[in-house]
Undergrad: 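Here it is, the structure, as structure tokens.
The sequence lines fix the lettering, A, B, ..., with proteins before strands; numbering per chain opens at 1.
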There are 2 protein chains.
Amino acid sequence: MSRRTYDQYCAVARALDVVGERWTLLLVRELLTGPKRFKDLLDGLSGIGTSLLTARLKDLEGNGILRRTTLPPPAGSKVYELTDLGRSLEPVVIALSRWGLKLLEAPRPEEETRAAWAMVALQSSLKLEAVRGRKETYEFRVDGESFHVQVEGDEAEVRQGSAVDPDLIISGDTETLLSVAAGRLTLAEAIEAGAIATEGDRGSLARCLAVLGSPGRDGGKSVREDIRAQQAR
Amino acid sequence: MSRRTYDQYCAVARALDVVGERWTLLLVRELLTGPKRFKDLLDGLSGIGTSLLTARLKDLEGNGILRRTTLPPPAGSKVYELTDLGRSLEPVVIALSRWGLKLLEAPRPEEETRAAWAMVALQSSLKLEAVRGRKETYEFRVDGESFHVQVEGDEAEVRQGSAVDPDLIISGDTETLLSVAAGRLTLAEAIEAGAIATEGDRGSLARCLAVLGSPGRDGGKSVREDIRAQQAR
DNA sequence: CGGAATCCTCTTCGATACTG
DNA sequence: CAGTATCGAAGAGGATTCCG
């Protein structure tokens with residue numbers, strides 16, 4: 001309740017007054033893919049402890065970043081979800097993810113792994129220019145969990161759960177997807193290596209490869225090359 | 001030295017392991033506009049204390065975010081400057097700034113004010129589409145301090161110090177510029193009100209107004225309206 | 001000036017135990 | 001499952017001192 005602030009008339013400082021404390025942005029990361037129960041949050045933030053999680057949730061609710069709601073029947077469970085203001089933190093989390101990807105190599109033994117985290121990383125590495133306004137829906141199945149990614153114009157939505165009518169289904173494991181997001185592996189290479197399987201028409205696959213293209217090559221060329229690599233299989 | 005980490009195999013968590021501690025991102029903010037001496041940093045981060053600043057600097061140097069160097073003669077002072085990795089945190093700070101601007105109203109009495117902070121906010125609110133590849137240099141004189149802003153393509157560089165041959169000089173105070181950055185005031189309105197003065201040709205002014213246009217109006221229209229407002233003066 | 005080191009107080013964190 | 005209560009450990013903050 002003491003609310004320590006930087007007391008600086010500065011937009012960055014003000015932002016950090018609200019979301020700069022330990023765990024806070026990771027909590028937002030958890031909620032970006034959809035509403036979560038207290039237990040889910042606890043699981044995705046192992047080490048936080050129930051007291052601190054409660055405190056952070058109260059704080060963020062007070063600042064209008066998230067709200068408590070009850071899921072419609074038959075679920076009926078109490079969950080936390082981002083408000084519009086909270087969702088507008090997405091660019092902050094995405095920017096952190098892009099930067100963090102530079103530092104992320106193989107997982108250390110003591111580190112936990114979650115499929116949802118790979119999805120955030122994936123979102124942060126999308127090359128949205130490659131789809132130029134086209135609307136496309138992909139379903140990702142990562143280590144048993146499903147997510148859907150909707151790409152349209154210069155926006156991408158990534159949420160937990162299956163897609164209704166996906167143009168493409170991509171299956172793989174967390175570590176492979178993180179490698180793709182980090183640019184250490186192209187999606188085409190991962191497919192060739194059998195680490196990722198896809199299901200859908202060739203056109204969607206080509207566009208998905210482009211959107212997830214490796215950063216090293218330029219957009220247009222990358223698309224064609226990746227398609228060749230895929231067809232050569 | 002204990003290096004508390006989240007131990008999550010996640011790009012966001014990894015980023016926050018490095019720059020998520022208290023003061024760290026504000027320290028990066030300070031260095032974004034150019035190298036600074038220990039004393040300058042202390043001044044821009046009042047409340048941090050020499051011990052903690054020293055610790056953070058060591059930490060960031062160890063992580064390759066910044067380095068200690070000696071300024072070329074005649075200055076010769078020891079300064080801290082961002083490495084390439086450190087500078088690549090700019091999008092993170094900018095994203096925080098954009099978000100923080102939503103929360104930033106009038107300064108509270110206990111809050112400090114710095115011209116450089118307004119410049120960061122200004123950078124975060126630039127509409128770079130409005131200059132479409134054109135290279136332009138603006139000099140800002142804010143409460144006695146000078147900064148130069150170079151806009152080219154989709155990139156903008158904001159640094160302390162005067163520009164060599166600016167296309168436009170904009171003079172004003174910190175709070176007015178923050179209001180412009182926050183979109184509560186258009187640059188044109190501020191000029192009309194006498195809170196901001198400009199010096200330079202009309203074309204550059206028009207483009208500068210566009211780049212700093214209020215978010216509420218669309219780009220092209222805003223330019224013409226702002227020019228009319230200016231000419232009507 | 002540019003730090004490093006120490007001491008002391010206070011706040012925050014983290015872990016566990018306990019309750020509705 | 002969703003928290004509250006509690007307590008030791010770690011970190012922050014402020015002042016002051018010392019060194020190069």
Undergrad: Would you kindly compare B/Asp40 and B/Thr50 by the position of their nearest DNA chain C nucleotide and give the one closer to the 5′ end?
TA: B/Asp40
Undergrad: Think A/Arg22 has a side-chain N or O under 4.0 angstrom from the OP1 or OP2 of C/dG14?
TA: yes
Undergrad: Think A/Arg68 forms a cation-pi with A/Phe38, using NZ or CZ under 6.0 Å from the six-ring centre and within 45 degrees of its axis?
TA: no
Undergrad: Look at all strands and tell whether A/Ser77 reaches a base, only sugar-phosphate, or nothing, counting heavy atoms closer than 4.0 Å.
TA: nothing
Undergrad: To the nearest Å, give me how far apart CG (B/Leu53) and P (C/dG2) are.
TA: 12 Å
Undergrad: Side-chain N or O of A/Lys58 less than 4.0 angstrom from OP1 or OP2 on D/dT4?
TA: yes
Undergrad: Between atom CG in A/Asp43 and atom P in D/dA2, what is the gap in whole Å?
TA: 12 Å
Undergrad: Is a salt bridge present between B/Arg67 and B/Glu81, judged by a nitrogen-to-oxygen distance below 4.0 Å?
TA: yes
Undergrad: Should the pair A/Arg114-A/Asp43 be classified as a salt bridge under the 4.0 Å nitrogen-to-oxygen rule?
TA: yes
Undergrad: For the side chain of A/Phe38, counting heavy atoms from C-beta on, which of D/dG3, C/dG14, C/dC13 is nearest?
TA: D/dG3
Undergrad: Would you tell me if any nitrogen or oxygen in the side chain of B/Arg4 comes within less than 4.0 Å of OP1 or OP2 on C/dG14?
TA: yes
Undergrad: In this structure, how many angstroms lie between the C1' atom of C/dT11 and the CZ atom of A/Arg56, rounded?
TA: 12 Å
Undergrad: Indicate yes or no: does A/Arg37 engage A/Asp40 in a salt bridge with an N to O separation below 4.0 Å.
TA: yes
Undergrad: Under 4.0 Å between a side-chain N or O of A/Lys39 and OP1 or OP2 of D/dC1?
TA: yes
Undergrad: Does A/Trp23 put a side-chain nitrogen or oxygen below 4.0 Å from OP1 or OP2 of C/dG14?
TA: yes
Undergrad: Give the nucleotide from the list D/dG3, C/dG2, C/dG14 with an atom nearest to the side chain of A/Tyr80.
TA: D/dG3
Undergrad: So that I can tick it off, tell me whether B/Arg87 and B/Glu90 are bridged by a salt bridge, with the cut-off set at under 4.0 angstrom between side-chain N and carboxylate O.
TA: yes
Undergrad: Round to the nearest Å and state the distance from A/Arg68 atom CZ to D/dG3 atom P.
TA: 4 Å
Undergrad: If you check every side-chain atom of A/Ser51, which of C/dT6, C/dC13, D/dT6 has the closest atom?
TA: D/dT6
Undergrad: Checking contacts here: which listed nucleotide (D/dG3, D/dG13, C/dT6) is nearest the side-chain heavy atoms of B/Leu52?
TA: D/dG13
